[in-house]
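Since the structure is predicted, the reported quantities are computational estimates derived from the model, not experimental observations.
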Amino acid sequence: MDLTHEWFCGQVEANKTAMFRLARSILRRDADAEDAVAEAVLRGLTRLNSLQKQGSVKSWLMRITANESYRILSRQREEIPLDQQIGNPATPQQKSDEELSLWEHVKTLPEILRAPVVLFYYEDLTVDEIAEILSLTPGAVKTRLSRARTLLRTQFQKEESQ
């Protein structure tokens, strides 16, 4: 397949928000997420010939972004105390107070649950695509989504009872 740089730039432009949102949900700081996306774009461009089919370009870019984000996160854990890592992931556009409340709860999920939730519910990716992006089995993705839903349900029930 003959993929051009112009085509690649168009794909990055079409997926930049999703890439940033994924990186931000893993890293929690805008500057780090921007670095991860920039590195993902560079790696994608240098490995453009490894893309087998154009239909999977979003999954391919998201997998590269996740890998770069986790690489940066692992480096941060060695350098930055935990209390300085806490922040807010990129907030998707909200349409109602209920969705805003849900997003606030999603941001409190542990990192291993938050990334699958963002990819599944906010980026509309399939379980198989998420498994590929996060280097998990589809069963592990389903388990993490189920655990996240249970935690979110519990958080909402506590909120309602107060």
Side-chain angles (χ1 to χ4, degrees), residues 11-12 14-44 56-162:
Q11 295 302 310
V12 168
N15 292 291
K16 69 182 180 184
T17 302
M19 293 168 68
F20 179 78
R21 189 176 293 143
L22 172 61
R24 187 73 158 75
S25 72
I26 294 169
L27 295 169
R28 296 184 163 212
R29 289 184 24 203
D30 285 347
D32 294 332
E34 290 168 357
D35 289 346
V37 171
E39 283 297 318
V41 170
L42 179 61
R43 286 191 191 276
S56 67
V57 69
K58 182 175 183 176
S59 294
W60 183 71
L61 287 170
M62 298 294 274
R63 184 175 56 250
I64 296 170
T65 302
N67 290 340
E68 287 302 313
S69 298
Y70 284 122
R71 186 183 59 74
I72 289 170
L73 184 63
S74 118
R75 212 175 47 224
Q76 283 180 344
R77 286 186 175 146
E78 296 170 3
E79 301 171 0
I80 300 175
L82 180 63
D83 62 336
Q84 292 180 5
Q85 292 184 23
I86 298 173
N88 295 322
T91 305
Q93 294 179 338
Q94 282 82 32
K95 296 178 182 163
S96 70
D97 289 339
E98 185 177 300
E99 286 179 358
L100 177 60
S101 177
L102 176 60
W103 180 247
E104 292 301 319
H105 288 290
V106 167
K107 292 189 304 186
T108 66
L109 291 172
E111 173 192 323
I112 64 168
L113 302 179
R114 191 173 54 247
V117 166
V118 168
L119 292 171
F120 188 78
Y121 291 105
Y122 292 95
E123 300 305 329
D124 296 322
L125 296 178
T126 66
V127 168
D128 290 335
E129 290 171 325
I130 296 167
E132 185 180 334
I133 289 166
L134 299 178
S135 300
L136 299 169
T137 64
V141 171
K142 289 177 184 177
T143 299
R144 290 179 185 192
L145 288 170
S146 176
R147 288 180 183 162
R149 283 190 292 268
T150 300
L151 279 173
L152 291 169
R153 192 176 304 114
T154 302
Q155 289 176 356
F156 275 107
Q157 288 171 346
K158 283 182 184 177
E159 195 175 90
E160 287 177 3
S161 67
Q162 291 179 353

Within this structure, what is the [atom1]-[atom2] distance for the pair [X] and [Y], rounded to the nearest 0.5 Å?
| X | Y | atom1 | atom2 | answer |
| --- | --- | --- | --- | --- |
| Leu134 | Leu22 | CG | CG | 7.0 Å |
| Leu61 | Arg43 | CG | CZ | 14.0 Å |
| Ile64 | Ser69 | CD1 | OG | 11.5 Å |
| His105 | Arg153 | NE2 | CZ | 13.5 Å |

By side-chain contact (heavy atoms from CB on, under 4.5 Å), which residues pair with Thr108, not counting sequence neighbours?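 side-chain contact (heavy atoms from CB on, under 4.5 Å) check on Thr108 returns Gln155.
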
Looking at residues at least two apart in the chain, or sitting in another chain, which of them share a side-chain contact (heavy atoms from CB on, under 4.5 Å) with Ala148? Leu109, Leu113, Val117

Is Lys107 salt-bridged to Glu104, cutoff N-O under 4.0 Å?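 Yes, this pair counts.
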
Closest approach of [X] to [Y] (non-hydrogen atoms, all atoms of both residues):
| X | Y | answer |
| --- | --- | --- |
| Trp60 | Gly44 | CH2-O, 3.2 Å |
| Ile26 | Arg114 | O-NH2, 4.1 Å |
| Ile133 | Ser59 | CG1-O, 3.5 Å |
| Ala36 | Leu27 | CB-CD1, 3.8 Å |
| Val127 | Pro138 | CG1-O, 3.5 Å |

Taking the side chain as everything from C-beta on, heavy atoms only, tell me whether [X] gets closer than 4.5 Å to [Y].
| X | Y | value |
| --- | --- | --- |
| Tyr122 | Val106 | yes |
| Met62 | Asn15 | no |
| Ile130 | Arg144 | no |
| Glu111 | Leu73 | yes |

Between Leu145 and Arg149, does a side chain to side chain contact (heavy atoms under 4.5 Å, CB included) hold up when you go through it step by step? CA-CA 6 Å; Leu145 288 170; Arg149 283 190 292 268; 3.7 Å; yes

Treating Thr150 as the side-chain partner and Ser146 as the backbone partner, does any N or O pair qualify as donor plus acceptor under 3.5 Å?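 Yes, the answer is positive, given that a donor and an acceptor are paired below the 3.5 Å cut-off.
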
Test Lys58 against every option in Glu129, Glu123, Arg63, Met19 by the side-chain contact (heavy atoms from CB on, under 4.5 Å) rule and name the one that passes.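 Passing option: Glu123.
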
Show your working on side chain to side chain contact (heavy atoms under 4.5 Å, CB included) between Lys16 and Val37 and close with a plain yes or no. CA-CA 8 Å; Lys16 69 182 180 184; Val37 171; 5.7 Å; no

